[in-house]
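Please read all numbers here as calculations on a predicted model, not as lab measurements.
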Amino acid sequence: MPTAIAVRDLRKSYDGIEALRGISFDVQEGEVFGLLGPNGAGKTTTVEILEGYRRRDSGDVAVLGHDPSDAPRDLRERMGVVLQHSENLSLLTVHEVLRMFGGYYESPRDVDEVVALVGLADKRDARVRTLSGGQKRRLDLGTALVGDPDLVFLDEPTTGFDPAARRSAWEMIRSLRALGKTVLLTTHYLDEAQQLADRVAVIRAGQIIALGTPADLIGETRRAEIRFRRDGELVTIETDEPTRVLAGLTAEALSAGRELEQLEIRRPSLEDVYLELVEEPEDA
Amino acid sequence: MKALAHQLSFEQRIFWRSREAAVFIFIFPLLLYTLLATVYSGEIDDRPSADVLLAGLFGYGAANTAFGGLAIILVGRREYGILKRLRATPLTPRTYLAAVLLSILLVFALQSVALLVLGSLGFGASAPANALGFAGSVVLGAACFAGLGVGAASLIRSAEGVSAVVNVVLLPMAFLSGSFGSTPEDYPAFLEAIADVLPLTYFLQIVNGVYLDGDSLFAHPRALAVVAAWGLAGLVVAWRRFTWVPRER
């Protein structure tokens with residue numbers, strides 16, 4: 001599959017503080033790629049370099065074959081962005097905002113189609129200032145899609161959403177993949193990355209500390225947790241060799257004629273892996 | 001060209017839909033003219049006061065609309081991330097700024113016509129002695145004060161404070177340069193010194209020339225040079241300091 005985004009040894013400092021300390025990753029066309037990390041890890045810096053807002057100090061970056069720091073028109077024609085903080089012109093209606101943005105592109109999508117896609121059909125002629133926070137965010141997504149881009153940047157697209165609004169935003173982002181779009185998503189919500197991303201890069205203090213599919217990331221640790229009750233007491237064993245430990249336990253229980261009550265073998269969730277990754281001391 | 005017309009149509013839509021803009025930018029100079037022309041009937045400096053005030057309020061309107069209006073629009077859009085978002089679209093900065101400037105010019109041109117109609121119907125003010133020169137001064141005033149407006153927008157940090165800052169600059173400038181009636185003979189020297197450097201003082205010289213005396217637009221080369229220099233100074237500041245991304249945060 002062709003590469004939509006290629007990043008090699010990307011570095012950026014602000015006032016002598018290294019925000020990005022040599023980041024490398026590729027995003028394939030048609031992939032939903034997640035940049036996951038705590039606040040301040042360097043996610044937005046990375047995305048804003050790719051979008052052309054910030055200049056890198058060093059490293060190589062190619063977005064749809066272009067260097068974004070040249071701000072080439074062809075690139076802006078083919079990408080859509082949802083910024084972390086931005087407002088729309090509050091006096092225009094939903095339909096007008098999308099028509100205005102659509103006018104910037106050579107072959108925009110049908111405005112009413114986009115209105116429906118982002119679930120604002122019943123707000124089509126409502127002024128932006130009357131929309132709720134979640135509706136405004138969906139309009140942001142609409143402005144990112146109206147140019148029919150190949151690549152969409154979503155910087156923390158669901159921050160501040162209630163659970164229902166998040167679910168519906170997730171549905172929308174999944175529908176982007178169905179449309180064949182490449183999506184680069186940043187989030188500090190782990191479930192969001194797990195739900196949406198084909199691959200995830202975990203970023204901490206300006207470095208990528210893990211990269212792979214959500215399943216890969218979980219698979220990287222072989223550790224498992226075995227739990228059961230013995231005489232009503234909860235016993236928990238963490239082990240890298242669950243097969244051997246379990247065989248020992250079952251043999252013991254069988255010979256004693258006992259049951260391993262409420263036996264459970266738990267693999268760590270992505271959340272456990274993530275917390276472990278981002279909490280490790282930096283020089284570990 | 002198509003992109004420019006597209007953006008201009010939305011700029012106009014946004015401007016006229018905003019009650020604040022329509023009242024403070026478009027109506028306010030007309031309202032001030034009505035008040036002043038009612039209070040000071042008769043003559044100012046041996047000329048009909050309706051004429052003198054019309055020229056003065058036209059000058060104030062140029063500063064209010066092009067300088068104040070533009071600064072308010074640009075700072076607000078920058079701080080709310082609207083400019084930043086637009087930068088990621090294929091719309092070029094040049095086209096966008098041209099549309100915003102043209103939109104302001106259009107507003108000021110309409111305001112000028114409204115002022116002439118109001119003056120003539122309401123207060124018996126004369127038509128411009130040099131109509132073509134007057135039309136030229138609409139463009140000149142809009143250009144100079146728009147340059148200053150973009151410059152000011154580059155320096156003002158907060159969207160909340162922009163109206164206050166703009167008016168702190170605008171109203172004293174309008175008083176000192178004689179927009180609201182000519183300044184007295186025994187004027188304090190330091191105020192006169194300030195008035196002597198203000199762009200509006202020189203713009204009003206040109207306006208008085210074309211409107212009252214029938215001069216050519218180019219009859220006062222020194223005034224023209226000062227007005228142009230102020231406009232350029234604003235552009236230089238903008239060139240060095242203008243940002244598309246929010247300054248706060």
Does the distance from a Lys or Arg side-chain N to an Asp or Glu carboxylate O, for A/E96 and B/R17, drop under 4.0 Å? yes

Okay, A/Y53 and chain B: the region with an atom under 4.5 Å from a heavy atom over there is side chain

Inspect the surroundings of CH2 in B/W16 and state if more than 12 heavy atoms from other residues, nucleotides or ligands are less than 6.0 Å away. yes

*asked:* What I'd like to find out is whether the side chain of B/Y80 reaches to under 4.5 Å of the side chain of A/H85, using heavy atoms alone.
replied: no

Okay, A/R99 and chain B: the region with an atom under 4.5 Å from a heavy atom over there is both

Quiz item: Crowded around B/F26 CZ? As in, over 12 foreign heavy atoms under 6.0 Å?
Solution: yes

Under 4.5 Å to a heavy atom of chain B? For A/N88 that would be backbone

With a 4.5 Å cut-off on side-chain heavy atoms, are B/L91 and A/F101 touching? no

Under 4.5 Å to a heavy atom of chain B? For A/E77 that would be both

When the 4.5 angstrom heavy-atom criterion is applied to A/L89 and chain B, the contacting part is both

Whatever's closer than 4.5 Å to a heavy atom in chain A on B/R13 counts as side chain

Heaviest contributor of heavy-atom pairs below 4.5 Å to chain A, chosen from B/R87, B/H6, B/K2, B/R77, is B/H6

Value for OH (A/Y104) from CD (B/Q7), rounded to nearest 0.5 Å, stands at 3.5 Å

**Asked** Is the number of heavy atoms from other residues, nucleotides or ligands within 6.0 Å of CZ (A/R174) greater than 12?
**Response** yes

Whatever's closer than 4.5 Å to a heavy atom in chain B on A/S90 counts as neither

Note: B/G81 and A/S86 closest approach over all heavy atoms is O-CB, 3.8 Å

Under 4.5 Å to a heavy atom of chain B? For A/E48 that would be side chain

Exactly one of A/D140, A/V81, A/V82 clears side chain to side chain contact (heavy atoms under 4.5 Å, CB included) with B/R85, and that residue is A/V81

Should we count OH of A/Y189 as having more than 12 external heavy atoms under 6.0 Å?
yes

Output for pair (B/I14 CD1, A/M100 CE), nearest 0.5 Å, gives 5.5 Å

Has B/L132 got more than 12 heavy atoms of other residues, nucleotides or ligands less than 6.0 Å from its CG? no

If one checks every heavy atom of B/A3 against chain A at 4.5 Å, the contacting part turns out to be neither

- prompt: Any donor-acceptor pair under 3.5 Å linking the side chain of A/R76 with the backbone of B/A88?
  reply: no

